[in-house]
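Just so you know, ligand 1 is whichever comes first in the structure, and atom 1 is the first atom listed for that ligand. Computed from a prediction, not measured in an experiment: that's the story for all the values here.
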Amino acid sequence: MRLAIAQMEPMLLDLDENLSRLKELLHQAEDNRVDVLVLPELCNSGYVFESLEEARSAAEEIPLGRFSDLLISWSNHERLVVAGICESTPQRLYNSAAVFSQGEHIATYRKIHLFLNEKDWFKPGTEEPPVVEFKGARFGVMVCFDWAFPEIARVLTLKGAQVILHPANLVLPYCQDAMITRSVENSVFTATANRTGTERGVEFSGNSQITNTNGKILATLDRGRTGIAFVDIQPQDADNKMITVRNHIIDDRRPELYTRLVKSG
Ligand code: ACM
């Protein structure tokens, strides 16, 4: 199965330009016969809003807007795509990852862990991140800052994810290394699609990457580049949870000693 990450520089609030940049990346993925594609967080809108009105002006209903339309039609050829979308509902905005497959909208994950000023525009999601099936494999979805909460990758693994798809707009310098650890501690593939460029003085780190179940980087894109990178994987490799001949990364847990993890205080 061919898994790809797309690194993009969205233009803040310029929906026409972002649609055309997205089309170019989708063409590249199509030309390279990609099966599963990950796009960055908020790829329709840009990231550094200064007001709720700005964020709302760039948001769309999923799956009714122009970006959803484009992604639905791209996915309508035995493909799966996940994209970070600035999502509007009649009441609120969400920082969402929408999943489209075989010409349909199959899931939306609304980001749970909002970063910095995202708290001013978005309502945090209230539902567990999803795992979706495609061509006999299982894909979990999380968004950007979820990397700093290892519970999310663990929950996705416990729900059966073999590959974690991870749209991002990374600002801090830690995530790419952290995702290597997320891979190893869960024995899963990860695919982080980050954005690049600078917006209102905020610099994004690029360096999108795909890791295997041992934390090896299989594909990457340099900090300032836009484009796609891809690799052929066997998602079933993630079913082997033996990290040594005598250690199973899931069955060796001692949850009775981790009860603090599920207390809020
Ligand atoms: C982030 O969650 N966009 C840093």
Practice task
Taking atom types as modelled, find out whether Glu60 and Ser88 have a side-chain donor-acceptor pair closer than 3.5 angstrom.
Solution key: no
Problem - Neighbour list for ligand 1 [protein residues, heavy atom under 4.0 Å] - result: Glu41, Tyr47, Lys111, Phe115, Glu118, Cys144, Phe145, Asn169
Exercise for the section: For the pair Glu127 and Tyr109, evaluate side chain to side chain donor-acceptor pair (under 3.5 Å) and give the outcome as yes or no after the intermediate values. Expected result: CA-CA 8 Å; Glu127 293 190 5; Tyr109 166 61; over 6 Å; no
Practice task
Only pairs at least two apart or in different chains count here, so list each salt bridge (charged side-chain N to carboxylate O under 4.0 Å, His left out) that has a residue in residues 204-219.
Solution key: none
Exercise for the section: Establish, yes or no, whether a centroid distance under 6.0 Å links the rings of His105 and Phe100. Expected result: yes
Handout entry: Shared hydrophobic cluster, Val36 / Ile210 (ILVMFWY, side-chain heavy atoms < 4.5 Å)
Key = yes
Problem - Modelled atom types, side-chain donor and acceptor of Asn247 and Asp252, under 3.5 Å - result: yes
